[in-house]
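Here is the structure we will look at.
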Amino acid sequence: MKLSKKATSKKMKKLSKGKRYYFRIRAYKTIDGKKYYSPWSKVKSIKCK
């Protein structure tokens, strides 16, 4: 899933009601054609209503 460079949120679609989902993210920057990644974020747990 790709986001725009200035994205601060992402709406997830087609998630099942009552199910728990776990997410984590990381940023990257491309310098001279090589991607440099940040560390992964802490896991965020979400239960759909």
Side-chain angles (χ1 to χ4, degrees):
M1 153 179 36
K2 283 197 166 201
L3 300 174
S4 71
K5 289 182 180 184
K6 295 184 180 186
T8 58
S9 65
K10 172 67 178 166
K11 185 179 264 191
M12 303 301 293
K13 297 179 182 178
K14 298 184 180 182
L15 300 180
S16 299
K17 199 178 237 187
K19 191 169 180 181
R20 185 167 292 279
Y21 292 90
Y22 300 89
F23 297 93
R24 61 185 192 154
I25 61 169
R26 68 178 178 170
Y28 74 90
K29 188 172 191 175
T30 305
I31 300 172
D32 295 330
K34 184 171 180 178
K35 288 184 180 177
Y36 294 91
Y37 292 92
S38 70
W40 283 102
S41 67
K42 291 183 179 180
V43 174
K44 177 70 175 175
S45 169
I46 299 171
K47 186 172 185 180
C48 289
K49 295 181 180 180

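All residue numbers in this chain count up from 1 along the given sequence.
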Taking only residues two or more places apart in sequence, or in another chain, which ones meet Ser45 in a side-chain hydrogen bond (donor to acceptor under 3.5 Å, both in side chains)?
Arg20
May I have the list of side-chain donor-acceptor pairs in residues 36-44 shorter than 3.5 Å, sequence neighbours left out?
| from | atom 1 | to | atom 2 | distance (Å) |
| --- | --- | --- | --- | --- |
| Ser38 | OG | Ala27 | N | 2.9 |
| Ser38 | OG | Ala27 | O | 3.3 |
| Ser41 | OG | Ile25 | N | 2.9 |
| Ser41 | OG | Ile25 | O | 3.3 |

Name all residues meeting the side-chain contact (heavy atoms from CB on, under 4.5 Å) criterion together with Tyr21; count only those two or more places apart in sequence or in a different chain, and write none if there are none.
Leu15, Ser16, Lys19, Phe23, Cys48
